[in-house]
Amino acid sequence: ATVNALKSKVSDALDARNYYDPVEKPDFRRNQFGFTLGGPVRRDRTFFFVGYEGLRESLGRTISTVVPNEAARSGVLPAPGGGTVVVPVAPNVRPYLDEFPLPNGEEPGGGLAAYRFPFTQTIDQDYFQVRLDQTLSGHDQLFLRYTHDRAEQYLPTDFPQFPRTFASRNQFATAEYRRVFSARTLGTFRLGYSRTRIGQEVEANTSQPLPPFVPGRESLGAIDIGGVPRFGPQVSADVSIRQDVFAFNGDFLHTRGRHTLKAGVLVERYQSNETNPTFSRGIHSFANIESFLRGRSLRFIGLTPDGDLERAWPHTLLGLYVQDEVSLTERLTLNAGLRYEYATLPRDEGNR
């Protein structure tokens with residue numbers, strides 16, 4: 001049996017503070033570890049292999065953004081020709097305006113100011129694989145393999161109330177049977193299944209409950225103001241995409257004289273399922289900070305409360321081939337063959 005282990009650790013010992021960081025530089029920690037183990041279960045008959053690798057990373061960051069300044073929160077904005085102008089703050093805008101963080105940096109003008117906040121970005125990942133090889137006889141061999149890969153990232157947006165988590169999870173299973181029919185003929189048959197998933201979860205950690213833009217949604221949507229980064233959760237809120245693939249393929253190889261004949265078949269069934277709530281919470285767009293204070297939205301993009309968020313796209317792929325490789329001379333080989341492919345077009349099955 002063979003055993004291998006690894007472990008590595010990276011820290012911020014050699015890192016430098018960047019321009020926007022506070023007096024102390026943010027923390028950085030990265031730990032990577034794993035092992036492999038393999039060997040015979042039964043001499044010359046059964047063999048196994050197991051492998052694992054993990055990653056844990058924590059990265060401190062300083063996020064710089066722009067918010068309304070102190071005066072703008074009271075409706076006082078700079079006038080185009082100098083001085084100031086008082087803008088009435090619409091009552092339905094006030095709860096959202098108060099949710100913007102107070103500025104803590106320089107003011108570029110236009111009723112705006114800089115705001116910086118610390119954020120700890122993390123990565124958590126695990127990768128695992130196991131394989132079993134079995135010699136059934138002098139003519140038959142079999143192997144089984146399973147792979148699992150999971151990752152999760154905790155990421156910032158331009159405002160501290162709305163972090164997001166991006167997650168993926170992949171699983172692959174394979175079984176292969178190989179048979180030597182004769183000294184001239186070999187057959188290989190493989191079954192496979194895979195499931196891949198990616199998704200994103202968003203948060204809306206506001207100091208008080210804010211009215212959603214679309215009735216029935218969990219939280220507010222996004223607010224776009226000219227000169228200000230988008231305020232609110234990611235528009236692709238709680239998106240989830242999953243694909244399942246079932247596959248079978250068989251290959252034959254036969255040699256006869258100068259000819260090497262190959263033939264095979266492939267069948268794959270795809271099932272893609274998606275929950276995509278993009279724009280489901282809505283986006284209000286404003287030309288500038290004054291339009292926002294007055295509540296004069298340029299446009300609103302969103303889905304109706306009964307909008308369909310589920311989609312499914314099943315389809316099938318079939319492939320056949322036959323090939324003859326002829327050695328005409330020691331320096332010249334001729335390849336000739338036929339290939340046939342058939343696929344059903346993906347169709348949107350809605351939420352069925």
Side-chain angles (χ1 to χ4, degrees), residues 36 38 44-51 127-150 168-198 241-274 311-350 352:
T36 60
D44 298 330
R45 300 281 288 184
T46 308
F47 303 86
F48 79 97
F49 173 84
V50 178
Y127 176 87
F128 172 78
Q129 185 175 88
V130 58
R131 172 169 171 155
L132 182 68
D133 289 81
Q134 177 70 43
T135 300
L136 302 173
S137 70
H139 299 281
D140 304 272
Q141 292 180 326
L142 173 71
F143 87 73
L144 305 172
R145 183 179 62 215
Y146 173 75
T147 304
H148 184 277
D149 182 18
R150 180 203 65 84
S168 65
R169 184 181 181 187
N170 305 314
Q171 299 181 80
F172 308 94
T174 304
E176 181 181 282
Y177 170 66
R178 181 175 298 181
R179 178 171 177 79
V180 179
F181 292 94
S182 69
R184 297 176 179 273
T185 306
L186 172 68
T188 304
F189 309 92
R190 177 175 291 199
L191 285 172
Y193 169 73
S194 68
R195 169 172 287 186
T196 57
R197 285 182 173 179
I198 59 173
I241 302 173
R242 189 189 80 191
Q243 183 180 78
D244 295 277
V245 181
F246 303 85
F248 167 79
N249 65 286
D251 297 282
F252 291 91
L253 185 147
H254 178 74
T255 60
R256 180 179 292 274
R258 296 175 178 268
H259 297 265
T260 300
L261 300 170
K262 299 178 181 179
V265 59
L266 168 68
V267 181
E268 291 185 337
R269 174 66 175 177
Y270 291 82
Q271 179 68 46
S272 298
N273 296 279
E274 177 178 320
R311 288 293 183 271
W313 292 280
H315 64 284
T316 303
L317 173 67
L318 170 66
L320 303 169
Y321 78 93
V322 59
Q323 176 182 308
D324 186 8
E325 184 177 290
V326 187
S327 298
L328 300 177
T329 68
E330 292 183 355
R331 297 185 177 183
L332 180 61
T333 300
L334 174 65
N335 286 293
L338 294 173
R339 183 178 64 184
Y340 171 79
E341 294 182 358
Y342 171 81
T344 60
L345 294 177
R347 63 183 189 277
D348 183 3
E349 294 187 347
R352 289 179 293 172

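A side-chain donor-acceptor contact under 3.5 Å links Arg45 to the backbone of Leu136. Between the side chain of Ser327 and the backbone N or O of Thr329, no donor-acceptor pair lies under 3.5 Å. Ser137 contributes a side-chain N or O that, together with a main-chain N or O of His139, makes up a donor-acceptor pair within less than 3.5 Å.
The side chain to side chain donor-acceptor pair (under 3.5 Å) search around Thr255 returns none, not counting sequence neighbours. Judged as a salt bridge (charged side-chain N to carboxylate O under 4.0 Å, His left out), and not counting sequence neighbours, the contacts of Glu341 are Arg339. With sequence neighbours excluded, the residues satisfying side chain to side chain donor-acceptor pair (under 3.5 Å) with Ser272 are Gln243. With sequence neighbours excluded, the residues satisfying side chain to side chain donor-acceptor pair (under 3.5 Å) with Thr316 are Arg269. Checked against side chain to side chain donor-acceptor pair (under 3.5 Å), Gln141 has no partners two or more places apart in sequence or in another chain. Every residue meeting the ring pair (Phe, Tyr, Trp, His ring centres under 6.0 Å) condition with Phe252, not counting sequence neighbours, appears here in chain and number order: Phe189. Every residue meeting the ring pair (Phe, Tyr, Trp, His ring centres under 6.0 Å) condition with Phe246, not counting sequence neighbours, appears here in chain and number order: Tyr193. Every residue was checked against the ring pair (Phe, Tyr, Trp, His ring centres under 6.0 Å) condition with Phe143, not counting sequence neighbours, and none meets it.
The list of salt bridge (charged side-chain N to carboxylate O under 4.0 Å, His left out) pairs with a residue in residues 183-198, not counting sequence neighbours, reads Glu176-Arg190, Arg195-Asp244. Sequence neighbours left out, not one pair with a member in residues 248-258 passes salt bridge (charged side-chain N to carboxylate O under 4.0 Å, His left out). Pairs passing the salt bridge (charged side-chain N to carboxylate O under 4.0 Å, His left out) check and including a residue from residues 138-148, sequence neighbours excluded, read Asp140-Arg179.
Here CG of Asn170 is found 10.0 Å from OH of Tyr127. Values are rounded to the nearest 0.5 Å. Put simply, CG on Leu328 and CG on Leu334 are 5.5 Å apart, with the number rounded to the nearest 0.5 Å. The CG atom of Asp44 lies 8.0 Å from the OG1 atom of Thr135; values are rounded to the nearest 0.5 Å. A distance of 10.0 Å separates CZ of Arg131 from OG1 of Thr147, quoted to the nearest 0.5 Å. Interatomic distance, Thr344 OG1 to His315 NE2, rounded to the nearest 0.5 Å: 6.5 Å.
In this structure, Glu325 and Thr333 have side chains that are in contact, with non-hydrogen atoms separated by less than 4.5 Å. In this structure, the side chains of Glu274 and Trp313 come closer than 4.5 Å at one or more pairs of heavy atoms. For the pair Phe49/Gln129, a side-chain contact is recorded, criterion being any heavy-atom separation below 4.5 Å from C-beta on.
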Begin with the C-alpha distance, continue with both residues' side-chain angles, and end with the deciding distance and a verdict on side-chain contact (heavy atoms from CB on, under 4.5 Å) for Thr46 and Leu132. CA-CA 7 Å; Thr46 308; Leu132 182 68; 3.7 Å; yes
Arg169 and His148: side-chain contact (heavy atoms from CB on, under 4.5 Å), yes or no, with the steps? CA-CA 8 Å; Arg169 184 181 181 187; His148 184 277; 3.2 Å; yes
Dump the intermediate steps for side-chain contact (heavy atoms from CB on, under 4.5 Å) on Phe181 and His254, then the final yes or no. CA-CA 10 Å; Phe181 292 94; His254 178 74; over 6 Å; no
Could you go through residues 259-266 and list every donor-acceptor pair under 3.5 Å that involves a side-chain atom there, pairing it with any protein atom two or more places apart or in another chain?
unit_1 : atom_1 : unit_2 : atom_2 : d
His259 : ND1    : Asp324 : OD1    : 3.2
His259 : ND1    : Asp324 : OD2    : 2.9

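Inspection of the Gln323 and Tyr321 side chains reveals no N or O donor paired with an N or O acceptor under 3.5 Å.
Relative orientation of the Tyr340 and Tyr342 rings is parallel, given thresholds of 30° and 60° on the angle between their planes.
Within 6.0 Å of CG on Leu338 lie no more than 12 heavy atoms contributed by other residues, nucleotides or ligands.
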